[in-house]
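In listed order, ligands and their atoms are each counted from 1. Heavy-atom basis, side chains included; hydrogens, waters and symmetry copies ignored. Bear in mind that the values here come from a model prediction, so they are computed numbers and not experimental data.
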Amino acid sequence: MAGSNKANITPPRWLLAELSYKCPLQCPYCSNPLDYAKYPDELNTEDWKRVLSQARKMGAVQLGFSGGEPLTRQDLVELVSHARELGYYSNLITSGYGLTEQKIVDLKQAGLDHIQISIQASTQELNDHIAGTQTYQQKQEVARLIKKHGYPMVLCVVIHRANIHQMPQILEMAENLGADYLELANTQYYGWAHINRDVLLPTREQFEEAEKIAQAYKEKVAGKMKIYYVVPDYYESRPKACMNGWGTTFLTIAPDGTALPCHSARELPGLDCPNVKDYSIEQIWNESKTFNFFRGTEWMQEPCRSCDEKLKDFGGCRCQAYLFNGDMYSTDPVCSKSPERHRIDEAITSARATAMAGNEKPLVFRNSKNSRQF
Ligand code: FES
């Protein structure tokens, strides 16, 4: 543990428990690491309970159970029940595949507050193609069961070039399914999405048209369904305040117990991410080198260092800076003040050229065979 200025550290608020990298789906934009197959180990039930307890004691209030697919864990109901005893607001982030009515009832009785289910498209053909498995019918059925059993439902649709033309149908589908919230999450280009970027990144015209349709629908369903349209940062001129600032709010625990300040942090060099089997959450959050690496503003280079917006966006995303610039301390290249902004523009141009050529590149699907190449 490296030690730090504890006076500036606020406790974690959001705990994301990635219970397992196992997943029956193969989405080509998955946020799990490309080399996830190298990490087959999973924490046992007692380890997870300890993590939940320690994070709650520090002040975490929101808990997401995710993966991979969290339903692959046999102890999910037990963990939800433990979370309820601790007083978390808990959310299951699932593909819905394998979620039976009995499991929905059991999870409700155990105290689960909220379910977020993903659907890949508004049609069976495209959903099943993107998911790499036949899941459309079951997802529709599970969405209805979630509502039947009185959960607030978030429907999450990751948006990319293959489904952006379905925006009107996606909005109608969400309304028909009775979603309370519809998250239209434009793909974030890390990991699997990054290697598929030329095929997935919409053109600016597509993105602007889709946003217009979503905004109009928002007004139509006001008071009934909330719509969040998460904009693709490549088309912005300022970077996102990734993770609300490093080590300020979000704590992710990977299936093997590695503690991460963001889902991609394992891919940054020299961070030595700690494991919950070796340290307490309090030690990890307050004292580890990893969580202190990009806290505050001391680490910043120019133009961030003297920028009057540095406390607004914290220099953007460290993983994106590393991915594009090979320098994790540099300004996120999305920023128009970054000398590397041209790299984002080149990525947009390259994806556009692929779109114009008719998407001739094949998608790389997230599965263990492909993962073993990384
Ligand atoms: Fe790692 Fe943004 S995803 S800092």
Subject >> Element-labelled atoms of ligand 1 that are located less than 4.0 Å from some non-hydrogen atom of Cys242 >> reply: 2 (Fe), 3 (S), 4 (S)

Subject >> Pairing of Lys361 and Asp198 as salt bridge, 4.0 angstrom limit >> reply: yes

Original post:
Within 45° of the ring axis of Tyr39 and under 6.0 Å from its six-membered ring centre, is that where the NZ or CZ of Arg266 lies?
Top reply: yes

Subject >> Asp128 side chain to Tyr136 backbone, donor-acceptor under 3.5 Å >> reply: yes

Original post:
Would you call Arg50-Glu46 a salt bridge at under 4.0 Å N-O?
Top reply: no

Subject >> Closest approach of any protein heavy atom to atom 4 (S) of ligand 1, naming residue and atom >> reply: Arg318 N, 3.4 Å

Original post:
Quick check: does His263 have an N/O/S atom under 2.8 Å of atom 1 (Fe) of ligand 1?
Top reply: no

Original post:
Is there a side-chain contact (heavy atoms from CB on, under 4.5 Å) between Thr349 and Arg352 once you walk through the steps?
Top reply: CA-CA 5 Å; Thr349 304; Arg352 187 181 181 84; 5.6 Å; no

**OP:** Specify the protein heavy atom at minimum distance from atom 3 (S) of ligand 1: its residue, its atom name, and the distance to 0.1 Å.
**Re:** Cys317 SG, 3.5 Å

Original post:
Which atoms of ligand 1 have any heavy atom of Cys319 under 4.0 Å away?
Top reply: 1 (Fe), 3 (S), 4 (S)

**OP:** Examine all N, O or S atoms of Cys262, backbone included, and report whether one is under 2.8 Å from atom 2 (Fe) of ligand 1.
**Re:** no

